[in-house]
Amino acid sequence: MRRLAHVWKHHRLLLIAFALAVLVAVGMAGRVLFAWVYWNANHQQAVAAWMTPGYVAHSWKIDRSALIDRLIEPLDLMPGRRETIAEIAKRTGMPEAEVIARIEAAVAELEQDRR
């Protein structure tokens, strides 16, 4: 305890900087761990209206840009916008089920190409 008191008294800024660095490192490790657990539990998740095409690509472990390229024409996607499937359906006037079916077909094609 005397050692810590000595460091605090003589090197206060260095100790604060070290504590902040440890907190940042622990926070980043926590984010990595959370992402790893989340994506292992949500691998090949069924396509739903709340998802974005990018989320679907990540869940199915396919190239996001390849999926977007296959969907730009039939779904009038706007690259760079993070629209959910429900938002795409509303904007294009298609039923959500049809948008989901087109995304599932594109995913199946990309899965087939990967094999």
What's the separation between atom [atom1] in [X] and atom [atom2] in [Y], rounded to the nearest 0.5 Å?
X	Y	atom1	atom2	value
D63	H58	CG	NE2	12.5 Å
I85	I103	CD1	CD1	3.5 Å
R64	Y55	CZ	OH	14.5 Å
Q44	E111	CD	CD	5.5 Å
R70	I62	CZ	CD1	9.0 Å
T52	R81	OG1	CZ	12.5 Å

Inset, instruction - Begin with the C-alpha distance, continue with both residues' side-chain angles, and end with the deciding distance and a verdict on side chain to side chain contact (heavy atoms under 4.5 Å, CB included) for L20 and V24. - result: CA-CA 6 Å; L20 287 175; V24 168; 5.5 Å; no
Legend entry - Heavy atoms of other groups near W36 CH2, more than 12 under 6.0 Å: no
Legend entry - R12 atom CZ, over 12 foreign heavy atoms within 6.0 Å: yes
Inset, instruction - Check V99, V107, I88, V47 against P53 for a side chain to side chain contact (heavy atoms under 4.5 Å, CB included) and give me the one that passes. - result: I88
Give me the atom names and distance for the closest heavy-atom approach of [X] to [Y].
X	Y	value
L67	A106	CD1-CB, 3.7 Å
I16	W8	CG1-CZ3, 3.9 Å
A49	T84	O-CB, 3.6 Å
A89	P95	CB-C, 4.2 Å

Inset, instruction - Check the pair K90, E96 against side chain to side chain contact (heavy atoms under 4.5 Å, CB included), reporting the backbone distance first and the verdict last. - result: CA-CA 8 Å; K90 185 177 181 181; E96 283 181 10; over 6 Å; no
Check for me, please, whether [X] and [Y] land in the same ILVMFWY cluster - side-chain distances under 4.5 Å, paths through other members count.
X	Y	answer
V7	F18	no
L15	V22	no
L23	F34	no

Legend entry - Under 3.5 Å donor-acceptor, S59 side chain and Q45 backbone: yes
Legend entry - Electrostatic pair E87-R91, nearest N-O below 4.0 angstrom: no
